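These notes concern the structure reproduced below.
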There are 2 protein chains.
Amino acid sequence: MLSKDSNWVSCGQTCLERSEIRSYMVTLKDIAERVGRSVTTVSRALADCSDVNKETAERIKEVAAQLGYVPNTLAKRLQKQSTDTIGIVVHPASRGYPEPFFSEFLAGIGEKATHYGYDLLVTYAQEEHQMDTYRQLVEGRRVDGFILYRTLRDDPRANYLHSLNFPFASFGQVESIDRYSYIDEDGEYAMQLIVNHLVAMGHTRIGCICPSLEIMHAYIRYNGLVKSLAAHGLELEAALVREGYFDQKDGYEQALVLLNQPTPPTAIVGFNDMIAFGAINAAKTLGLHVGKEFAVTGFDNSMMAAYYRPPLTTISQPIFKIGGKLLEMLIQSLKDKEHEPSQLLLRPQLIIRESTQSL
Amino acid sequence: MLSKDSNWVSCGQTCLERSEIRSYMVTLKDIAERVGRSVTTVSRALADCSDVNKETAERIKEVAAQLGYVPNTLAKRLQKQSTDTIGIVVHPASRGYPEPFFSEFLAGIGEKATHYGYDLLVTYAQEEHQMDTYRQLVEGRRVDGFILYRTLRDDPRANYLHSLNFPFASFGQVESIDRYSYIDEDGEYAMQLIVNHLVAMGHTRIGCICPSLEIMHAYIRYNGLVKSLAAHGLELEAALVREGYFDQKDGYEQALVLLNQPTPPTAIVGFNDMIAFGAINAAKTLGLHVGKEFAVTGFDNSMMAAYYRPPLTTISQPIFKIGGKLLEMLIQSLKDKEHEPSQLLLRPQLIIRESTQSL
DNA sequence: TCGGTTATCCAAAACGTTTTGGATTGATTA
DNA sequence: TAATCAATCCAAAACGTTTTGGATAACCGA
């Protein structure tokens, strides 16, 4: 193993040299002096401008390479008055394991950002200081645009940015503004898929565990659920609806409440996979045979879904791709300020597994 | 719901005003003109320097607040020649669900970074361009320091940064350099805990599924495993060692290989939780009663561990805290270049659950 | 010969800060 | 009275780019 990168391993002399190179930062001025041209010319040569002699340009590039010149990002950005940086403010709920969704989403954004030469600035703010964080980033000109996610129906972040005409793109719609860029999954359609499937399996007594309806996703899915049930002549009984946020613990506890009722549901629709896992565990605890006599569905198709016992029937969303596409939409609007906002509604897919079988 | 943040909701006039404020960026010069003082004085007043008259300073601050002045971050950084930014280059394996570890680690780093006023620059590079990415960030002066994780025994990133004397702190040790800041868990001790427990449960035929031994963590744990087994007069048979990277699929497949041998192990030590989950599934597939006649252990105590069926015996590491502490160590060394590197070896904890019971 | 191109170059301004090295004033001290 | 000191202020330089608005010289066609 030592052979790999061995030039770095026992570096007595090498290190010193490198260290000197670093402490002496090469600037345009250095190159200019060395070549005997002005800073202007050097800058233009490196930018491949047409008004510099070919030979001069070559010589300049040669010297630049030889000196190991790398432009100073800060200086460039100050001059250009743009940061080439996209900001994302992390939601408090995305901080731990509970939300496997987030790391994939971030990766989708990050890979595209790197690809297009943008930096990704990730900020963690406490919920109560969330708006201050946005304001600081905007007014300190630290980012060129934002990615938003987990939107609310009336979303203060979106409202703020929209009012400033500050670029952003969001995963999830917002009711309180219009003309903005977003991607969303068709939650209503997703619920239709789920309900159709459950009904086909013989379920009529269907409950759900969902987060606050202030969250846009939840609201859309909830309405979709009600509507789809109605299409089958079924009703979503108030007693069969429980609020639970996002983690297994909530799913477990709320499912227990539902299942301990006099006439419990035969199926529970979890609004995300973690909730569904919790519900499965609750049912197991009560000795139910999950999949047969009691069904559970999730939402997200997280990796665990396929491996859980029983494997979870859930809705698949291409989170990684959504992140990437969102970033592309944002960059689009950064490059062309007049560009019409793009809006994308994705068709989700139902992944049927063993957690839902015929009654 | 509309009452909350209603100042943003129906903003006809408000929006315009805001928008004007933004397009007209307030600078020190603006304040200076308004107050009738020089830019220098304004700058010094806002920095609470002692050589500006109290009344003047107050007046300046008043006007600054009134105009909504926020310093231009780029200009400040260019002048100060520091970026106040910490970089983290994401390992390709951390991109999806498979590694719940990552989002918690990142959150630990990010929250502290925000707390100390540092930006967190998250970069996604393809593995083959990894070193280029580091070089660009270093030489373009885009970050003041790095957080490294998932170190190799001979780690090119650490070697590079170390040779340049560029600040970094890593989660995991590196063999190829010394005198650097790191946090690591005591993997040898962790394995001792696991082996002692398994032996106490009556296991003598113990196998393992571990990642490449080039990875420092894996190497340490592997050696710890061998040593701990030896302490009980046991040997780690070559046939009972399989390489698997990090996900359930690997765990599943490699566990099948182990279990289909003529004399299969009665316990499998997974080098992380995902591997362990896969192994559990494999055993279930073969009809084994996991926990009773066959034991599995994990490493990380990811959230799923407690909820898996059976719940997983595993090693607990405070990943979130480690991230935060790492960032603090890094900032420490940024502020005091001469500061001795700190090195922290954590005592891991064994969380015993039902996946390991008496034979 | 002259006006008009073209090719090549550059000084200076600009981006918005912080810092350096005084300058000015008025009061205090020797 | 002159020297010293403290308080208050600021012009200019610096950070390292990019861009603006020419300048210069050589060449071309009429």
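Letters A, B, ... are given to chains in the order of the sequence lines, protein chains preceding strands, and every chain is numbered from 1. Everything numeric in this text was worked out from a predicted model, so none of it was measured.
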Item to check | Interatomic distance, Glu33(A) CD vs dA11(C) P [rounded to whole Å] | outcome: 12 Å
Next on the checklist: Below the 4.0 Å mark, does dC9(D) have OP1 or OP2 next to a side-chain nitrogen or oxygen of Ser38(B)?
Outcome noted: no
Checklist entry - Reckon Thr27(B) touches a base, only the sugar-phosphate, or nothing at all at heavy-atom distances under 4.0 Å? => result sugar-phosphate
Next on the checklist: So Arg44(B), base contact, sugar-phosphate only, or nothing? Heavy-atom distance under 4.0 Å.
Outcome noted: base
Checklist entry - If you look at every strand shown and take non-hydrogen atoms under 4.0 Å, does Asp51(B) touch a base, only sugar-phosphate, or nothing? => result base
Item to check | Any Lys80(A) side-chain N or O less than 4.0 Å from OP1/OP2 of dT19(D) | outcome: yes
Item to check | Which residue lies more 5' along DNA chain D, comparing Ser43(A) with Leu78(B) via nearest heavy atoms | outcome: Leu78(B)
Checklist entry - Can you check whether Phe168(B) and Phe166(B) have ring centres sitting under 6.0 Å from each other? => result no
Checklist entry - Of the nucleotides dT18(C), dC10(C), dG16(D), which one has an atom closest to the side chain of Gln79(A)? => result dG16(D)
Next on the checklist: Can you tell me if Asn53(A) touches the phosphate of dT8(C), counting only side-chain N or O atoms and a distance under 4.0 Å to OP1 or OP2?
Outcome noted: yes
Checklist entry - Using a heavy-atom distance cut-off of less than 4.0 Å, which residues of residues 56-63 of chain B contact DNA chain C? => result none
Checklist entry - To the nearest Å, how far apart are Arg141(A) CZ and dT17(C) C1'? => result 12 Å
Checklist entry - With a 4.5 Å heavy-atom cut-off, do Lys337(B) and Pro167(B) have their side chains touching? => result yes
Next on the checklist: Under 4.0 Å, counting only non-hydrogen atoms across every strand here, what does Lys29(B) touch: a base, just sugar-phosphate, or nothing?
Outcome noted: nothing
Checklist entry - Is the distance between the ring centroids of Tyr134(A) and Tyr160(A) less than 6.0 Å? => result no
